[in-house]
Structures are given as C-alpha cells and as structure tokens.
Amino acid sequence: MTTYTISKLRQSFVETHFLGWSLKKPGDFIPDKSLFEKLCHPAELHYLAYIYNWDDGSLVLEWILESNLCTKSTANFLFWRAGPDYYLKCDLDDLNTCDSYNLDGFRVIRKVMEKYRLNNFSEYAIEFDPAGEIESILTKEPKWKIPQDMYSFIPGVVVELE
C-alpha cells in the first residue's frame with residue numbers, strides 16, 4: 001500500500017484557514033482564495049474535502065472542484081457527501097430548479113458533473129471506496145443520470161496524517 005502523509009504543518013494550515021471558519025469569523029467573512037491556492041498537493045485538497053464543515057457553504061468546496069489538483073476520488077467523495085438523490089429532480093442546467101435552502105449542495109453536484117463532462121481530473125490517484133458514502137437513490141424519473149464511475153472503487157495512494 002502506497003501512502004501520502006500530510007505533515008502536521010500542512011494539516012494546521014488547512015484547518016486554520018478552512019475548518020469551521022464561519023464559527024470563528026464575523027458573518028460577512030469570506031475565505032481567502034489566495035490561501036486556498038497555497039494548497040499544493042491533491043492529497044491536501046482531499047483532506048480539506050474530508051474535514052470541511054458543509055454548514056460553511058459551498059464556496060470552498062467549489063474551489064476544490066475547480067482546481068486542477070482535484071482528483072476523481074475527491075470529486076466522487078464530495079458528490080456522495082452532497083446527498084445526490086434529492087438533486088436528481090433538479091435540472092443541472094438551471095439553478096432555479098433547486099430550492100434556496102439546498103442550493104449549496106446543488107452547486108457542488110453541478111461542479112462534479114461538469115468535471116465529469118470535461119473529464120478534468122488530476123491524474124494523481126487517491127484511494128476511494130464509495131461503499132461507505134453511497135446513499136440509496138429513491139428518486140423516480142430523475143432528470144439526469146449518475147455516472148457509473150461514481151459507484152466504483154478507485155485504487156491509489158492512501159492519504160495519512162502525520
């Protein structure tokens with residue numbers, strides 16, 4: 001098993017700037033994209049995706065998905081964490097088909113699907129088994145289909161923390 005270890009210093013950087021930021025800052029605070037751009041390895045983005053508090057909104061998650069460092073594993077992880085079943089009734093081409101309360105999750109879903117459409121993933125492979133993340137799909141007559149790759153185990157490097 002090949003591993004990639006994120007140092008305590010890099011963990012601290014990610015956590016200080018992106019973990020629960022809405023709890024520590026004034027209500028109008030927006031995370032600093034220039035700090036996000038200092039993340040320099042796909043494993044750091046994967047770690048951020050894993051620890052991110054979704055109550056902080058979708059902005060940082062969208063940055064992750066827009067990054068050239070974002071792997072298919074990270075995108076798949078975010079897709080399943082967004083709870084896609086609810087969004088299958090929404091039109092991916094129209095934000096207005098989703099109620100405002102669930103808009104952040106829909107933005108994440110749309111970014112993942114766009115990444116799939118463009119096949120725009122980092123070539124770095126991080127191990128990801130969706131089995132623990134996959135939710136039941138109950139929506140009848142969905143407006144779009146979940147790519148089969150979303151259900152597949154992805155072999156690769158195991159991300160560890162120092």
If the condition is side chain to side chain contact (heavy atoms under 4.5 Å, CB included), which residues does [X] pass it with, not counting sequence neighbours?
{"X": "Leu9", "value": "Ser7"}
{"X": "Leu95", "value": "Leu103, Phe106, Arg107, Arg110"}
{"X": "Ala82", "value": "Trp54, Val108, Ile109"}

Which residues pass the side chain to side chain donor-acceptor pair (under 3.5 Å) test with [X], not counting sequence neighbours?
{"X": "Ser12", "answer": "none"}
{"X": "Glu66", "answer": "Lys111"}
{"X": "Thr5", "answer": "none"}
{"X": "Asn102", "answer": "Tyr86, Asp99"}

Using the salt bridge (charged side-chain N to carboxylate O under 4.0 Å, His left out) rule, collect all pairs that involve [range], keeping only residues at least two apart or in two chains.
{"range": "residues 78-95", "value": "Arg81-Glu133"}
{"range": "residues 112-122", "value": "Glu114-Arg117"}
{"range": "residues 151-161", "value": "none"}
{"range": "residues 118-132", "value": "none"}

Please tell me if the side chains of [X] and [Y] come closer than 4.5 Å, counting only heavy atoms from C-beta onward.
{"X": "Thr74", "Y": "Pro42", "result": "no"}
{"X": "Ser73", "Y": "His46", "result": "yes"}
{"X": "Val159", "Y": "Thr3", "result": "no"}
{"X": "Ser122", "Y": "Thr71", "result": "yes"}
{"X": "His41", "Y": "Leu69", "result": "no"}
{"X": "Val112", "Y": "Leu65", "result": "yes"}
{"X": "Trp63", "Y": "Leu45", "result": "no"}

Q. Between the side chain of Tyr124 and the main-chain N/O of Ala43, is any donor-acceptor distance below 3.5 Å?
A.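 Not at all, since once roles are kept as given, no pair shorter than 3.5 Å links the two residues.
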[X], [Y]: one ILVMFWY side-chain cluster at the under-4.5 Å cut-off?
{"X": "Val14", "Y": "Ile30", "value": "yes"}
{"X": "Phe79", "Y": "Leu138", "value": "no"}
{"X": "Leu118", "Y": "Ile64", "value": "no"}

Q) What do the steps show when you test Phe18 against Ile51 for side-chain contact (heavy atoms from CB on, under 4.5 Å), and what is the final call? A) CA-CA 9 Å; Phe18 303 105; Ile51 66 164; over 6 Å; no
Quick one: pull up [atom1] in [X] and [atom2] in [Y] and give me the separation to the nearest 0.5 Å.
{"X": "Arg10", "Y": "Glu15", "atom1": "CZ", "atom2": "CD", "answer": "12.0 Å"}
{"X": "Leu61", "Y": "Asp56", "atom1": "CG", "atom2": "CG", "answer": "9.0 Å"}
{"X": "Leu39", "Y": "Cys70", "atom1": "CG", "atom2": "SG", "answer": "12.0 Å"}
{"X": "Glu62", "Y": "Asp104", "atom1": "CD", "atom2": "CG", "answer": "7.5 Å"}

Donor-acceptor contacts under 3.5 Å from residues 140-158 side chains, at least two apart:
from, atom 1, to, atom 2, distance (Å)
Trp144, NE1, Tyr87, O, 3.0
Trp144, NE1, Cys90, O, 3.3
Asp149, OD2, Lys72, NZ, 2.9

**Q.** Audit row: Tyr116, Asn76, side-chain contact (heavy atoms from CB on, under 4.5 Å) steps and yes/no
**A.** CA-CA 10 Å; Tyr116 262 85; Asn76 285 8; 2.6 Å; yes
Q: Kindly determine whether Ser34 and Lys38 satisfy side-chain contact (heavy atoms from CB on, under 4.5 Å), including the steps that lead there.
A: CA-CA 7 Å; Ser34 68; Lys38 291 184 181 195; 5.6 Å; no
Q: Considering non-hydrogen atoms only, spot the tightest contact between Phe36 and Val60 and give its length.
A: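 So the two residues come closest at CE1-O, 4.5 Å.
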